[in-house]
Amino acid sequence: MTNRQGRLFAIGSTAVAAILFLVMTLDSHRQFPELTNAENITPEVTHGKDVWHKYNCINCHTLFGEGAYYAPDLTKIAKHRGDPYLHAYMRDPSKFYNEQKHRRLMPKQDLSEKEIKDLVTFLGWVSEVDNQGWPPRPILVTGGMTTPTTMGGEGEITDADAASVTPVDSGSDPRALGEQLFSTAVPTCKACHSLTPGADGAGPSLGGLVTRTKKLLESGDYQGEATDVESYLHESIVSPSAHVVPGDMYSAGSTSFMPASYADSLSEKEIDQLVAFLATLK
Amino acid sequence: MRYKSQSVAYWYFAVAMVLFGLQLVFGLLSAAKYLGPDPLLYILPFDVTKMIHTNLLIVWVLTGFMGATYWLIPDESRTELHSVKLAYVQLVLWTLMGVATIFGYFFRYGTGNKLLEQPLPSKIVIVICMLIFLYNIGMTIKKAGRFTTTEGVLVLGLVSSAVLFFPALLEYGNYTVSIFYRWWTIHLWVEGVWMMILGGFLAYLLIRLSGADREVMEKWLYVIVGLVFLAGIIGTAHHYYWVGVPYYWLPIGGFFSALEPLAIVGMAMYAYGAMRRSGLSHPNVLALHWTLGCAIFTLFGAGLLGLAHTWPSINKWTHGTLITAMHGHAAFYGAYAMIVLAMITYALPSLTHPRENDSNVIGYWSFWLQLAGMFGMTLSFATAGIGQVYLERIMGMGYLDAQLKIQIHFIMLIASATLFTAGVGLFIFDFFRRRPRFEVEESGS
Ligand code: HEM
Ligand code: HEM
Ligand SMILES: [Fe+2]
């Protein structure tokens, strides 16, 4: 090989690679509008993006898996948390997490209400981008000990460690189906609820739920319309604000931070299965 | 030093050394925050320390590149620099820009765009500095009328770096599109045109240190550059998989980015071969250590650890975890920190007055402490990252809970980073304990 041949190889391979790359870039631009739902990039979303940049969120968090590794990925956060939750959280994260417990805390960001609203709209847009199904499993902010079970489905994960869980393993049993739904409903219940007693996340732990509910129904503090445990559980899912568990991190102005969307997104049968599962959490 | 104007390199190196030291302070601060709780949460939160850490890295490495180029060009083209004054003006402007930008970061004055946080005024000054720099180099070469392949590759790398900075100056309404073009700067820098810069310096050092045959070295340099771009351009796709691009980027990007280590293997063989063939007779054995060390650590950090997570079906799980930080540290240090340190070590004896009873003991301690420290840091990030991927991504444990389980690796990280910092401290001490000298000497280097 001569010097000249070496140079030709360098120039030639660079040119070929660059051309191929540019062709793919052009084609990507053809597809970006559809992949990213460009028609939904409203002025609010654009402003939300500017807020995201202005407050340097990327240097603690990742978005689309890019950024820093000090704080959780937020690509799908809007799918795990409702807007009321995110609004309240952005106002004051310290009401939601305890720095002593997790050894980290998001500092309060002092955003205006308009900034918060548009930011959350932006995160909603992000969560809808068609990004090849990443992450392959939901990335949760907190949540307890999970171990794979032998249950069917694609590598389901359940709280087998929770002492209070009654084991369910038959695929046809409504309780087993309910347990599966607990992970697969959108947003997944696991994003907010653990089954380990005392391990509260964005929602209260559901360990000991039945015992707790019985007490609640007997006491005079209950404000909803349920008459027994099952109807309470049903109500908790389809209209979370009917009765709210006390706590600043759970609700604001008697609006629960639990998404109110399940009444629509789940069928009546599925809700019954969930209730059947929850009723095992003595 | 054969040409008086080469002494401007000293001041570039001096600035680089100071910024390098500062970079580590902010790295250690960031790592301490992993352990938490953070007493500085409202004064100096993680996002600020981390941003300063990575920006100082980029600034000092570029300062080192520019200093090393001002050193190399007169040697290769056999002439004085076109304008020493311009080189100093550029350094002052550059340093002021760097300091002002970092100062602004304390108040979060930045674009909030990873690694491209510099606000527009700073970016414009960066462009101006680049133009002054390239003009000065270009005029020098033109004046000399002698242009070697080694410096050609180096200069082409520098020019392309400036060109690839342009996408970073634009704004994009669509976040996905903005990520797409961010990588044209960041990825095509570190895995494309900076590789040319690295290759140029490496060839220079190998030719000078081992006396290897220039004809042969430069022929292979072309081959390496060809391999870099053949794989590296389309390899950009390893940052595209999950950000909202069409599916075909996954298999095509996976394939080409998996070829990227070829060029790096080539580079290591190139260095090793030159040393074997021509022996280690050069008196500056320490510079030889840095040169060979750079080729080998690049192979480890960029080649091996890059390959480890570049395939889409693996990257799916490791994307955006501490695994990325593992690779980022080992690759950046091996390739770009070490080549600058190699150039400094090579040039320093001619740029400074020798001290009485001068020996290189401190230099060797610095070399080995840094290598051991960085290796330990890489392992700490790796073990932490594997834990994170397993607990958080595969088992589905919440992010915050998983981080609590890997605290021990953060302690390991801080311990090995302390070792590393000691090594860097020695390097900086060794640099500054000698007085600079500005007269030409015929016998040296
Ligand atoms: C005292 C030694 C150091 C410590 C303790 C340290 C620590 C850190 C920490 C904690 C981060 C933040 C990672 C995150 O986003 O969560 C970081 C980022 C980074 N550091 Fe260092 N660092 C040190 C030295 C270095 C050196 C010598 C280099 C390169 C030569 C370097 C290059 C980087 C890069 C490129 C990133 C961004 C990585 C990414 O986003 O994936 N660091 N460092
Ligand atoms: C000297 C050369 C290299 C340097 C300095 C370097 C540096 C970096 C840095 C700093 C990042 C983090 C970027 C970010 O997320 O913002 C990164 C990511 C990455 N690098 Fe490299 N790299 C080099 C070579 C390579 C090579 C040769 C490969 C593949 C064979 C590779 C594969 C990757 C992959 C797959 C990621 C994405 C990680 C993720 O998904 O989060 N790198 N690199
Ligand atoms: Fe890359």
Side-chain angles (χ1 to χ4, degrees), chain A residues 1 3 6-7 9-10 13-14 17-18 20-21 24 27-28 31-32 35-36 38 41 46 49 52-60 62 64-70 72-73 99-100 102-105 107 126 129-132 134-147 157 201, chain B residues 33-38 41-42 45-47 50-51 108 110-114 173-177 179-180 215 218-220 222-223 225-226 229-230 233-234 236 241-250 252 316-317 319-322 324-325 392-401 403-404:
Chain A
M1 190 187 69
N3 207 315
R7 186 159 56 211
F9 169 71
S13 51
T14 306
L20 199 56
F21 187 66
M24 288 195 287
D27 183 71
S28 301
Q31 299 197 39
F32 278 141
L35 289 161
T36 64
I41 305 181
T46 306
K49 179 186 68 118
W52 171 262
H53 285 312
K54 177 174 163 200
Y55 291 91
N56 206 19
C57 315
I58 197 81
N59 276 310
C60 283
T62 50
F64 293 116
E66 293 190 353
Y69 320 119
Y70 178 77
D73 184 78
E99 190 182 8
Q100 295 314 313
H102 295 294
R103 310 187 68 92
R104 284 188 201 176
L105 180 67
V126 167
V129 168
D130 175 0
N131 68 337
Q132 313 298 338
W134 190 87
R137 255 169 234 184
I139 298 173
L140 309 181
V141 180
T142 53
M145 311 291 303
T146 49
T147 36
I157 36 182
Chain B
K33 288 164 195 286
Y34 278 167
L35 275 178
D38 182 6
L41 194 59
Y42 286 96
F46 180 89
D47 60 305
K50 189 237 156 179
M51 172 165 61
R108 278 198 179 162
T111 64
N113 196 6
K114 187 180 179 187
N174 187 328
Y175 195 76
T176 294
V177 176
I179 294 179
F180 191 90
E215 210 33 40
E218 297 190 331
K219 183 170 74 187
W220 286 108
Y222 278 131
V223 176
V225 170
F229 288 112
L230 184 63
I233 295 179
I234 300 174
T236 314
Y241 303 151
W242 323 115
V243 304
V245 296
Y247 175 76
Y248 54 75
W249 286 104
L250 274 67
I252 297 179
K316 175 161 93 178
W317 300 105
H319 181 48
T321 63
L322 291 161
T324 309
E392 176 196 320
R393 300 291 167 91
I394 297 179
M395 306 289 280
M397 181 186 279
Y399 172 90
L400 287 170
D401 305 274
Q403 292 291 312
L404 278 179

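Letters A, B, ... are given to chains in the order of the sequence lines, protein chains preceding strands, and every chain is numbered from 1.
Here the shortest heavy-atom pairing between A:Val129 and B:Val243 reads CG1-O, 4.1 Å. Closest non-hydrogen pair, A:Phe64 versus B:Trp242, comes out as CD2-O, 3.5 Å. A:Asp27 approaches B:Tyr248 most closely through the heavy-atom pair OD2-OH, 2.5 Å. Heavy atoms only, all atoms of each residue included: A:Ala17 and B:Leu230 are closest at CB-O, 3.8 Å. Of all heavy-atom pairs between B:Ile234 and A:Phe21, the closest is CA-CD1, 4.0 Å. Between B:Ile394 and A:Arg137, the closest heavy-atom pair is O-NH1, 2.7 Å.
If you measure heavy-atom distances from A:Gln31 to chain B, the contacts under 4.5 Å come from the side chain alone. Residue contact with chain B, scored on non-hydrogen atoms closer than 4.5 Å, involves the backbone and the side chain of A:Ser28 alike. Looking at B:Glu215, the atoms closer than 4.5 Å to chain A (heavy atoms on both sides) sit in the backbone and in the side chain alike. B:Leu35 touches chain A through its backbone: at least one of N, CA, C or O sits under 4.5 Å from a heavy atom, while the side chain does not. The part of A:Arg104 that comes within reach of chain B is its side chain, from C-beta onward, which places non-hydrogen atoms under 4.5 angstrom from that chain. Residue contact with chain B, scored on non-hydrogen atoms closer than 4.5 Å, involves the backbone and the side chain of A:Val141 alike. Of the atoms belonging to B:Thr176, heavy atoms from both backbone and side chain fall under 4.5 Å from chain A. With a 4.5 Å cut-off on non-hydrogen atoms, B:Tyr247 touches chain A through its backbone and its side chain both. Using a 4.5 Å cut-off between heavy atoms, A:Pro72 touches chain B through backbone and side chain atoms alike. Of the two parts of B:Leu404, only the side chain, counted from C-beta on, holds a non-hydrogen atom closer than 4.5 Å to a non-hydrogen atom of chain A. Looking at A:Thr14, the atoms closer than 4.5 Å to chain B (heavy atoms on both sides) sit in the backbone and in the side chain alike. Contact annotation for B:Pro45: only side-chain heavy atoms (C-beta onward) come within less than 4.5 Å of a heavy atom of chain A.
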Which is it for B:Asp47 and A:Tyr55 under the side chain to side chain donor-acceptor pair (under 3.5 Å) test, yes or no, and what are the steps along the way?
-> CA-CA 9 Å; B:Asp47 60 305; A:Tyr55 291 91; over 6 Å; no
Please step through side chain to side chain donor-acceptor pair (under 3.5 Å) for the pair B:Asn174 and A:Thr36, ending with a clear verdict.
-> CA-CA 8 Å; B:Asn174 187 328; A:Thr36 64; 3.0 Å; yes
How far apart are the C-alpha atoms of A:Asn3 and B:Lys219, what are their side-chain angles, what is the distance that settles it, and do they pass the side chain to side chain donor-acceptor pair (under 3.5 Å) test?
-> CA-CA 5 Å; A:Asn3 207 315; B:Lys219 183 170 74 187; over 6 Å; no
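Looking at A:His53 and B:Thr111, their side chains never come closer than 4.5 Å, going by heavy atoms from C-beta outward. Taking 4.5 Å as the limit, every side-chain heavy atom of B:Thr324 sits out of range of all side-chain heavy atoms of A:Glu66. For the pair A:Leu140/B:Tyr399, no side-chain contact is recorded, criterion being any heavy-atom separation below 4.5 Å from C-beta on. In this structure, B:Phe46 and A:Tyr70 have side chains that are in contact, with non-hydrogen atoms separated by less than 4.5 Å. Between B:Pro37 and A:Leu105 there is no side-chain heavy-atom pair separated by less than 4.5 Å. Side-chain contact between B:Tyr241 and A:Gln132 is absent, with no heavy atoms from C-beta onward closer than 4.5 Å.
For the options B:Ile233, B:Thr236, B:Val177, B:Leu250, heavy-atom pairs under 4.5 Å to chain A are most numerous at B:Ile233. Heavy-atom pairs under 4.5 Å with chain B peak, among A:Ile41, A:Thr62, A:Thr46, at A:Ile41. Counting heavy-atom pairs closer than 4.5 Å to chain B, the top residue among A:Asn56, A:Asp130, A:Leu20 is A:Asn56.
Annotation: B:Phe180 is in aromatic contact with A:Phe32 [ring centroid separation under 6.0 Å].
For the side-chain contact (heavy atoms from CB on, under 4.5 Å) with A:Pro136, the qualifying choice from B:His319, B:Lys316, B:Arg393 is B:Lys316, the only one to do so.
Within the 3.5 Å criterion, the main-chain N or O of A:Gly67 finds a donor-acceptor partner in the side chain of B:Lys114.
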